[in-house]
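Worth knowing before you read on, the calculation uses all heavy atoms, side chains too, and leaves out hydrogens, waters and symmetry mates. Each ligand, and each atom within it, is numbered from 1 in the order the structure gives. Everything quoted here is computed from the prediction, not taken from an experiment.
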Amino acid sequence: MANQKYIIGNWKMNGSLNSKGLVSEIDDFCRSKLGDKVAVGICPPFPLIGLVNEWSWESPINIGAQDCHFKESGAHTGDVSAVLLKEIGAKIVIIGHSERRSNHGETSQLVCDKAKAALLAGLKPVICVGETDEERKSGNAIKVVLNQIEQSCPAENANIIVAYEPVWAIGTGNVASPQDILEMHNEIRAKLIEIYGHDGKKIQILYGGSVNAKNAEEILQTQNVDGALVGGASLKAPDFIAIIDAAINVSN
Ligand code: PEP
């Protein structure tokens, strides 16, 4: 179990120039309540990263991206390098989200290369793993996720965050049961210790998949759950703030 809980909002392809109010509300809450036991991140689409950074200037909120390329620069039309993300104020970057794995055919090997590029640029990669509904129903969830961890996490650098996001729980309202989350997070922890030794104990393992204001506290109390990666509920200030507040409550 890591010492600090991390709540990260993944805006996906949402947000606009009108999102200042959302950011300001979250920022006001974080400035007055956050303390050092909980960290908060917001990952908007690429064009908003610099703006969200400005809107929350000198805030405790860490701004991040939802993807990066594995190279520093070059002929990669439409891609964005980790180096540039760092330059415009990003601190974290989500890598290997299931929507990128399925919509863009990203393999765990590519995810690992992107995580290495992020680390080299000074960003903390949030490496996503998770099984499909079919894989869970066929009894292969743990095997699939541990394979993804082995292939997606750069073995030489433990300065990463892992997000366990069962694909069937993302954006569906079907949150995983506390027992399933506990079992998977314990398995992931054991695998991280196998890969990184003692450092594997400190890596934050987040849960993601239909986390909301109502279920956050129970999930965040679970052993080896060191935070949450939040999609839909991160777009509504009261809901995201309630999730951050739940993390503060369980940390006290
Ligand atoms: C996500 O996009 O990573 C996610 C977990 O989405 P949601 O919270 O909407 O299920």
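When only interatomic distances are considered, the shortest N/O to N/O separation between Ala233 and ligand 1 does not fall below 3.5 Å. The shortest N or O to N or O distance between Gly209 and ligand 1 is not under 3.5 Å.
Annotation for ligand 1: atoms under 4.0 Å from non-hydrogen atoms of Gly232 are 7 (P), 8 (O), 9 (O). Heavy-atom contacts of Asn10 reach the following atoms of ligand 1: 1 (C), 2 (O), 3 (O) (cutoff under 4.0 Å). Taking every non-hydrogen atom of Gly171 and a distance limit under 4.0 Å, the qualifying atoms of ligand 1 come out as 7 (P), 9 (O), 10 (O). Short contacts between ligand 1 and Lys12, defined as distances under 4.0 Å to a heavy atom of the residue, involve ligand atoms 1 (C), 2 (O), 6 (O). Close approach of ligand 1 to Ser210 is summarised as follows: ligand atoms under 4.0 Å from at least one heavy atom of the residue are 7 (P), 8 (O), 10 (O).
Interatomic distance, NZ of Lys143 versus CD of Glu187, reported as 13.5 Å (0.5 Å rounding).
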Legend entry - Pair Lys191-Glu194, salt bridge (Lys or Arg N to Asp or Glu O under 4.0 Å): steps then yes or no: CA-CA 5 Å; Lys191 177 55 79 181; Glu194 190 186 308; 3.2 Å; yes
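The aromatic rings of Phe70 and His76 lie tilted to each other, with the angle between the two planes from 30° to 60°.
Distances from ligand 1 to the non-hydrogen atoms of Ala169 include at least one value under 4.0 Å.
Judged purely by distance below 3.5 Å, without hydrogens or angles, the side chains of Glu131 and Trp168 pair a donor atom with an acceptor atom.
Nearest protein heavy-atom neighbour of atom 1 (C) of ligand 1: His97 NE2, 3.3 Å. Nearest protein heavy-atom neighbour of atom 5 (C) of ligand 1: Glu165 OE2, 3.0 Å. Annotation: atom 8 (O) of ligand 1 to nearest protein heavy atom, Gly231 N, 2.8 Å.
A 4.5 Å side-chain heavy-atom check between Ile248 and Phe29 finds at least one atom pair inside the cut-off. The side-chain heavy atoms of Glu106 and Cys128, taken from C-beta on, include no pair separated by under 4.5 Å.
Residues Asp199 and Lys202 are paired through a salt bridge, judged by an N-O separation under 4.0 Å between the basic side chain and the carboxylate.
When every heavy atom of Ala233 is checked against every heavy atom of Asp239, the shortest pair comes out as O-CB, 3.6 Å.
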